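Read through the structure below, which is laid out as structure tokens, and then see the notes.
It should be emphasised that the depicted structure is a prediction, and the values quoted were computed from it without experimental measurement. Atom set for the values below is all heavy atoms of this structure, side chains included, hydrogens, waters and symmetry mates excluded. Residue numbering restarts at 1 for every chain, and letters A, B, ... go by the order of the sequence lines.
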2 protein chains.
Amino acid sequence: MMPMDDAQIDRPHFIAAPSGGPIFKEVKRRMLAALAAGEWKPGEAIPAEPRLAERFGISIGTLRKAIDELVGENVLVRQQGRGTFVATHSRDRMLFLFFNIIRHDGVKVYPDVALVDFRKTRADDETAERLRLAPRAPVFAYRNALRLDGRLVIVDDITVPAELFAGLGAARLRQRTNTIYHLYQYGFGLSVVRTAETVRAVGAPADVARLLEVPTDSPLLLIRRVAFTLNDRPVEFRRSYVNTAHHEYPREPGY
Amino acid sequence: MMPMDDAQIDRPHFIAAPSGGPIFKEVKRRMLAALAAGEWKPGEAIPAEPRLAERFGISIGTLRKAIDELVGENVLVRQQGRGTFVATHSRDRMLFLFFNIIRHDGVKVYPDVALVDFRKTRADDETAERLRLAPRAPVFAYRNALRLDGRLVIVDDITVPAELFAGLGAARLRQRTNTIYHLYQYGFGLSVVRTAETVRAVGAPADVARLLEVPTDSPLLLIRRVAFTLNDRPVEFRRSYVNTAHHEYPREPGY
DNA sequence: CCCAATTTGTTCGTATGTATA
DNA sequence: TTATACATACGAACAAATTGG
């Protein structure tokens, strides 16, 4: 059935990707490379779809599929009528994506952060492993106390590789006017796009209990978080102690 | 510019959806309605894309966009070369989507479930609110003890509306050969497609502590979960107490 | 084992709708 | 108003996986 008409077959509609699956996946990789190379900077608009399609030698539909995935992974943000932008760590975005504590009534509020300790030290075994560093590699370690609705609820113990954060100090952490990840992004060129967390219940250590004004050994959430950049490099390991008397940790799995 | 040629305008390429936005969203709603009405049953294949496109009077591309969203919401499952299927609650799928406890080494294992209590009772205030029931509505309440690698790690207190689960009893829960949600699906026609959870740290209540063989008041995770069906009806409220000495609760936010 | 039919996955190109500046 | 950008829709062709003869 369906007679073939060779005269109409002037060129192939499909050219197999040279290596590794669909074209849109390859284009996605090339866009990630351009982002990692700093060709498109946080907050800037990337070129319009027709231009990018021409640059990569593909159709707009295929380009959109690549962008769709990058938007789904929080690397890009689309705005109809304006353009497509490289994601930045604004307060709203941080609250939406990376701050995972809500009140019992379901409301999420922005935390007031106070730096209570900062030191240059060496990575303990777990930190070195999570940050993929050599044992006892130099790191900056600092502790924040977070207030929600005026109440001290969270203590964050944060560790970052000294190598990647040359010049970080208590002053810069205190003086920042935006989020911590915004400082990482604009101060050190490290864009956090993904985090992985695990949660346990523990008894409050004495020093944390004192800060949170709860009895030692009272139950707290202990959240361990590793933050990754575009290239999947781990750049921060964070242990968060959370008093869940008035707040909790939400999740919608399977979505 | 661009001379109009009325003879070529035989039909519009785009027909606005009668109510509420894009066509593919409307098609998605109609597919959800067909699923809720039981036209396509769990495990069955839905009609092939060309047939569905014809049925809804749209192009294949638009139909695929509707199916894309339903796949993203775990309602349908696509398999290249075979078809598109209504999701079922197999063990693997349950483990992947709805079981959120892993060992400290990151491995997820299937739990051994033992029913330790079953009763018909009335909803307490919180349960009634979460299940959108009248105060003190009749419910079935049961408790499971879950073993991982031979160790008792989790106690689940589960409540379901009696109205939706006529005939449920300890025997049916014990005799099931598949997951609990599989029983809900095939025994009562209730397909869980989404859950919402919140996590707190609490001291172990005496009865739970006895089951888990830990001291009373030792720190446990308390996970509250509401399970929703296709129509967004809440059908199960579950309180899970988890001993995180050897296991934990994982999450990848912002994904 | 291979072939053909079926089904989803990918790509192309075009036209039109909608939001923004 | 006009131009630009992303969003939606259509239709066609081919690729890849599966199934059954």
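Under a cutoff of 6.0 Å and an axis angle of 45°, R172(A) and F165(A) do not form a cation-pi pair.
Summarising the geometry of I67(B) relative to I46(B), their closest heavy-atom pair is CD1-CD1, 4.5 Å, with the distance given to 0.1 Å.
A ring-ring contact (aromatic ring centres under 6.0 Å, His included) with H89(A) is found for exactly one of F98(A), F96(A), Y186(A), F99(A), namely F98(A).
A donor-acceptor contact under 3.5 Å is formed by the side chain of Q80(A) with the base of dT18(C).
In this structure, Q79(A) atom CD and dC6(D) atom P are separated by 11 Å, rounded to whole Å. If you measure from atom NZ of K25(A) to atom P of dA16(D), you get 16 Å, rounded to the nearest angstrom. Per the geometry, CD belonging to E26(A) stands 15 Å off P belonging to dT10(C), to the nearest Å.
Listed nucleotides: dT18(C), dT18(D), dA5(D). Nearest to the side chain of R82(B): dT18(D).
Residue R64(A) places no side-chain N or O under 4.0 Å from the OP1 or OP2 atom of dT8(D). Under 4.0 angstrom from either OP1 or OP2 of dA9(D) there lies no side-chain N or O belonging to K65(B).
Taking 4.5 Å as the limit, some side-chain heavy atom of N178(B) sits within range of a side-chain heavy atom of R91(B).
Salt bridge annotation for R194(B)-E73(B): absent, with no cationic side-chain nitrogen under 4.0 angstrom from a carboxylate oxygen.
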Q.
Could you go through I180(B) and R238(B), starting from their C-alpha distance and side-chain angles, then the distance that decides it, and tell me whether this counts as side chain to side chain contact (heavy atoms under 4.5 Å, CB included)?
A. CA-CA 12 Å; I180(B) 292 177; R238(B) 180 183 296 211; 4.2 Å; yes

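Residue E49(B) is the one, among F24(A) and E49(B), whose nearest nucleotide of DNA chain C lies closer to the 5' end (criterion: closest heavy atom).
The stretch residues 52-63 of chain A does not touch DNA chain D, since none of its heavy atoms comes less than 4.0 Å from the strand.
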